[in-house]
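Inspection log for the structure reproduced underneath, given as structure tokens.
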Amino acid sequence: MEITNQCVVALTWVLKDTLGEELDVLADPVEFFVGGNDLLARIEEALQGHTAGAQLDLHLEPEEAFGDFDEELLFLEPLAVFPEGIEEGMSFEGTALPAGVSADARREGLYTVSQIYPEHVVLDGNHPLAGIALRLHLQVHAVRPASEDEVERGSAGTGFFRVHAQGPASRTLQ
């Protein structure tokens with residue numbers, strides 16, 4: 001079966017930055033819905049017409065992946081409003097940000113604690129891969145028709161490589 005919109009593909013991949021540093025490896029096949037919210041548009045476009053067994057090497061510029069780094073998504077917040085034991089690298093859903101965090105911080109998306117100072121915390125609303133050009137080696141392990149439920153949801157249900165808008169031109173990977 002050829003890959004088209006509204007089918008499900010089982011993929012593995014190796015994701016690297018342009019210097020060749022490995023950022024992520026998906027060693028066991030995971031199913032993704034093509035034509036919905038599971039994959040980046042550039043990946044879906046590249047997969048079109050391929051079949052099981054195909055291997056693709058993609059170069060993704062930041063605007064094709066997770067957007068450019070946006071300094072306006074950095075917020076310096078009082079450490080006192082955060083729970084005890086907060087650590088760098090912890091993430092907060094925008095809807096679960098503590099009371100007292102700047103009203104300028106959107107209440108959608110994901111924020112990562114990027115730095116902790118004695119009195120302040122730096123929250124970063126950028127995707128961790130924002131501003132980075134990526135190299136992606138994909139392998140297609142299987143292709144099947146999507147179920148009615150998957151078509152209705154626009155997802156194979158993995159939630160693994162789901163794309164969410166974060167402002168006018170940026171995206172996040174969860």
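Any value given below was found using the heavy atoms of this structure, including those in side chains, with hydrogens, waters and symmetry copies removed.
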What distance separates [X] [atom1] from [Y] [atom2], expressed to the nearest 0.5 Å?
X	Y	atom1	atom2	value
Leu73	Asn126	CG	CG	4.5 Å
Thr112	Leu123	OG1	CG	8.5 Å
Glu84	Leu79	CD	CG	9.5 Å
Asn37	Ser155	CG	OG	7.0 Å
Phe92	Leu110	CZ	CG	10.0 Å

Between Val113 and Glu87, does a side chain to side chain contact (heavy atoms under 4.5 Å, CB included) hold up when you go through it step by step? CA-CA 7 Å; Val113 176; Glu87 297 177 5; over 6 Å; no
Taking the side chain as C-beta and beyond, is there a heavy-atom pair between [X] and [Y] under 4.5 Å?
X	Y	answer
Leu23	Lys16	no
Val122	Ile116	no
Glu119	Pro78	no

Does a sphere of radius 6.0 Å around [atom1] in [X] hold more than 12 heavy atoms from other residues, nucleotides or ligands, not counting ones at 6.0 Å or beyond?
X	atom1	value
Glu152	CD	no
Asp28	CG	no
Glu71	CD	no

Joint hydrophobic cluster, [X] plus [Y], side-chain heavy atoms closer than 4.5 Å:
X	Y	result
Leu129	Leu74	no
Val30	Leu58	yes
Phe32	Leu56	yes
Val34	Leu138	yes
Met1	Phe33	no

Strictly distance-based, threshold 3.5 Å: is any side-chain N or O of [X] a donor or acceptor partner for the main-chain N or O of [Y]?
X	Y	answer
Arg153	Val151	no
Asp17	Glu21	yes
Glu31	Val9	no
Glu93	Glu108	no

Can you see which heavy atom on [X] is nearest to which on [Y], and at what distance?
X	Y	result
Pro128	Ile132	O-CD1, 4.1 Å
Ile86	Met90	CA-SD, 3.5 Å
Gly36	Glu44	N-OE2, 3.6 Å
Val81	Gly100	CG1-CA, 4.1 Å
Ala27	Thr12	O-CG2, 3.3 Å
Ala10	Pro29	CB-CB, 4.1 Å

Go through it in stages, so that I can follow the logic: the residues are Leu39 and Leu11, the test is side chain to side chain contact (heavy atoms under 4.5 Å, CB included), and I'd like the CA-CA distance, side-chain angles, deciding distance and then a yes or no. CA-CA 11 Å; Leu39 294 167; Leu11 302 174; 4.2 Å; yes
Please tell me whether His50 and Gln48 have a donor and an acceptor in their side chains that are separated by less than 3.5 angstrom. no
Can you list the steps and then say if Tyr111 with Leu97 is a side chain to side chain contact (heavy atoms under 4.5 Å, CB included)? CA-CA 8 Å; Tyr111 288 88; Leu97 288 173; 3.8 Å; yes
Determine, step by step, whether Leu134 and Leu15 satisfy the side chain to side chain contact (heavy atoms under 4.5 Å, CB included) criterion, reporting the C-alpha distance in whole Å, the side-chain angles of both residues, the deciding distance to 0.1 Å, and the verdict. CA-CA 7 Å; Leu134 303 170; Leu15 179 68; 3.9 Å; yes
Geometric class of the His127/Phe66 ring pair [parallel <30°, tilted 30-60°, perpendicular >60°]: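 Judged by the thresholds at 30° and 60°, the geometry between Phe66 and His127 is parallel.
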Any salt bridge linking Arg144 with Glu150? Criterion: basic side-chain nitrogen under 4.0 Å from a carboxylate oxygen. yes
